[in-house]
Amino acid sequence: MEELKIRASQLGKLMATDSKTSITQKQLVTLNGLLAKIQLTEKQAELRDVLLLKRDAEPELSKGAKSYITELYLEREFGIKQEINSKYLDKGNEVEEASIELTSILLEKDFLFKNDEYFENDFVQGTPDVLTGDSVIDVKSSWSAATFPFFDTELKNSLYEWQLKAYMWLTGRTKSFLCYCLVPTPQNLILDEMRRVSWKRGEGAEVSRETEDEVIKYFDISKIPTEKRIKAFQVDLTVEDIQKMKAAVKMPREFYKTLS
């Protein structure tokens, strides 16, 4: 059987271990403090023993990781795919070129174009959005201005963070950027949203003028300066990150074998 390789876009699902059996950084600090004490109360001794067990326990896959590997097994062995269609993905696919163009302009890069080259190593695989001489760029097209991270100062989505780390590992690039882009929503998706909102409001087959105006206003980004329609976060890769990714794939491989 060919060894399981994880898509870079899904790697983040495997990076967390079971919180019930693995020790957190905060708990490790607490444990080290308890171990440094000469005398402990009965409750402190009990907590020390519990934390020691967690520290020394073999890591276990989280429920989310097991669920994802189960889905992979069903897809690979029986062709059963999970439904992944959504309006957010639809917009991302339709405006990807516009987002790449916006990224090119606002990051003052040379002309950027969509990458089609597929990469893989012994652990992960994937196709980065954009490659330059020394960096990987991944674009995420926000659904609307309401979902755009105007004031975020750090990347909060760990799934995206590990996706970029995997891409750097795969391509040998030394830098990467996650770019949230706010570009106009295609008219067909706006019309779909009008019908969806109208149906939820019980308006029947006809979309009311009020609903139409509200949806149009919701997607209107004309007042937002172009330079504020992109938010870029740099993601770095360390040797330790690579070791973590290798370890994160090894456990799922063993779990995958138990499903056969």
Side-chain angles (χ1 to χ4, degrees), residues 6-13 64 67-68 71-72 74-75 79-107 112-118 125-131 136-150 152 155-164 166-167 177-208 210-224 226 228-233:
I6 303 300
R7 290 193 292 270
S9 60
Q10 303 301 310
L11 180 64
K13 294 179 179 179
S67 177
Y68 172 62
E71 291 175 4
L72 271 185
L74 292 174
E75 179 179 340
I80 302 173
K81 292 188 177 183
Q82 300 297 313
E83 187 64 43
I84 58 171
N85 294 328
S86 74
K87 60 185 183 182
Y88 310 107
L89 287 175
D90 288 342
K91 178 176 180 179
N93 290 332
E94 291 194 32
V95 304
E96 186 174 41
E97 288 188 10
S99 290
I100 291 175
E101 182 178 354
L102 180 66
T103 300
S104 178
I105 294 171
L106 296 185
L107 290 188
L112 301 177
F113 57 91
K114 171 67 177 172
N115 168 65
D116 293 320
E117 186 176 357
Y118 164 85
Q125 58 187 345
T127 306
D129 283 346
V130 177
L131 294 175
V136 176
I137 299 174
D138 200 71
V139 297
K140 305 296 182 185
S141 303
S142 293
W143 171 244
S144 69
T147 65
F148 187 76
F150 285 102
D152 287 0
L155 180 58
K156 297 179 178 179
N157 191 312
S158 62
L159 201 66
Y160 295 162
E161 179 182 0
W162 284 108
Q163 180 179 8
L164 281 168
Y167 285 154
F177 299 91
L178 191 289
C179 298
Y180 286 98
C181 297
L182 184 59
V183 297
T185 302
Q187 187 64 24
N188 63 302
L189 296 182
I190 293 178
L191 293 175
D192 285 345
E193 188 67 3
M194 286 181 185
R195 288 188 284 267
R196 187 187 70 80
V197 173
S198 179
W199 180 82
K200 288 189 68 176
R201 292 178 175 179
E203 294 176 349
E206 292 293 326
V207 177
S208 70
E210 179 183 5
T211 295
E212 182 178 339
D213 289 343
E214 283 186 27
V215 173
I216 290 175
K217 184 177 180 180
Y218 178 78
F219 286 108
D220 182 17
I221 61 174
S222 61
K223 294 182 180 179
I224 303 171
T226 303
K228 292 187 179 296
R229 297 183 189 177
I230 187 171
K231 192 78 173 186
F233 299 95

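Any value given below was found using the heavy atoms of this structure, including those in side chains, with hydrogens, waters and symmetry copies removed. Residues take their numbers from the sequence shown, with the count starting at 1. Everything quoted here is computed from the prediction, not taken from an experiment.
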Is there a side-chain contact between Ser222 and Pro184, using heavy atoms and a 4.5 Å cut-off? no

So CG of Asn93 and OH of Tyr88: to nearest 0.5 Å the spacing works out to 15.0 Å

Test: Lys91 and Glu94 ion pair at under 4.0 Å: no

Let me confirm one number: the OG-CD1 distance from Ser144 to Ile190, rounded to the nearest 0.5 Å. 11.0 Å

Would you mind checking if Asp138 and Lys140 are paired as a salt bridge, meaning a charged N to carboxylate O distance below 4.0 Å? yes

Report yes if the side chains of Lys114 and Asp129 come closer than 4.5 Å at any heavy-atom pair, otherwise no. yes

Give, for atom CZ of Arg229 and atom OG of Ser142, the distance between the pair rounded to the nearest 0.5 Å. 12.5 Å

Residues Trp143 and Glu193: closest non-hydrogen pair is CZ2-OE1, 3.7 Å

Going by side chain to side chain donor-acceptor pair (under 3.5 Å), name the residues that satisfy it together with Lys231, two or more places apart in sequence or in a different chain. none

I'd like to know whether Leu191 forms a side-chain contact (heavy atoms from CB on, under 4.5 Å) with Asn188, so could you lay out the CA-CA distance, the side-chain angles of the two residues, the decisive distance to 0.1 Å, and finally the verdict. CA-CA 5 Å; Leu191 293 175; Asn188 63 302; 5.6 Å; no

Identify the heavy atoms of Glu203 and Thr211 that sit nearest to each other, and give their distance. OE2-OG1, 2.7 Å

Taking atom CD of Glu101 as the centre, report whether more than 12 heavy atoms of other residues, nucleotides or ligands fall under 6.0 Å from it. no

Between Lys217 and Asp220, is the closest basic N to carboxylate O distance under 4.0 Å? no

Looking only at side-chain N and O atoms, does Glu214 offer a donor or acceptor that is under 3.5 Å from a partner on Tyr218? no

Closest heavy-atom pair and its distance - Phe219, Thr185: CD2-OG1, 3.2 Å

Take atom CZ in Phe150; do more than 12 heavy atoms of anything else shown fall under 6.0 Å from it? yes

May I ask you to check whether over 12 heavy atoms, not counting those of Glu97, lie within 6.0 Å of atom CD? no

How long is the straight-line distance from CG of Leu11 back to OH of Tyr68, given to the nearest 0.5 Å? 9.0 Å

Please tell me if the side chains of Leu72 and Arg7 come closer than 4.5 Å, counting only heavy atoms from C-beta onward. yes

Any idea which heavy atoms bring Ser9 and Leu159 closest together, and the distance? O-CG, 3.7 Å

If you measure from CG on Leu182 to CG on Leu102, what distance do you get to the nearest 0.5 Å? 8.5 Å

Are Ile224 and Phe148 packed together at the side-chain level, in the sense that at least one heavy-atom pair is separated by less than 4.5 angstrom? no

With heavy-atom distances below 4.5 Å as the criterion, would you say the side chains of Tyr167 and Leu131 are in contact? no

From Tyr180 atom OH to Ser141 atom OG, the distance as rounded to the nearest 0.5 Å: 11.5 Å

Does Ser208 offer a backbone N or O that forms a donor-acceptor pair with the side chain of Arg201 under 3.5 Å? no

Report yes if the side chains of Val197 and Lys200 come closer than 4.5 Å at any heavy-atom pair, otherwise no. no

Are any of the side-chain heavy atoms of Thr103 and Leu112 separated by less than 4.5 Å? yes

Determine whether a donor-acceptor pair (N or O, by modelled atom type, separation under 3.5 Å) exists between the side chain of Ser104 and the backbone of Ile100. no

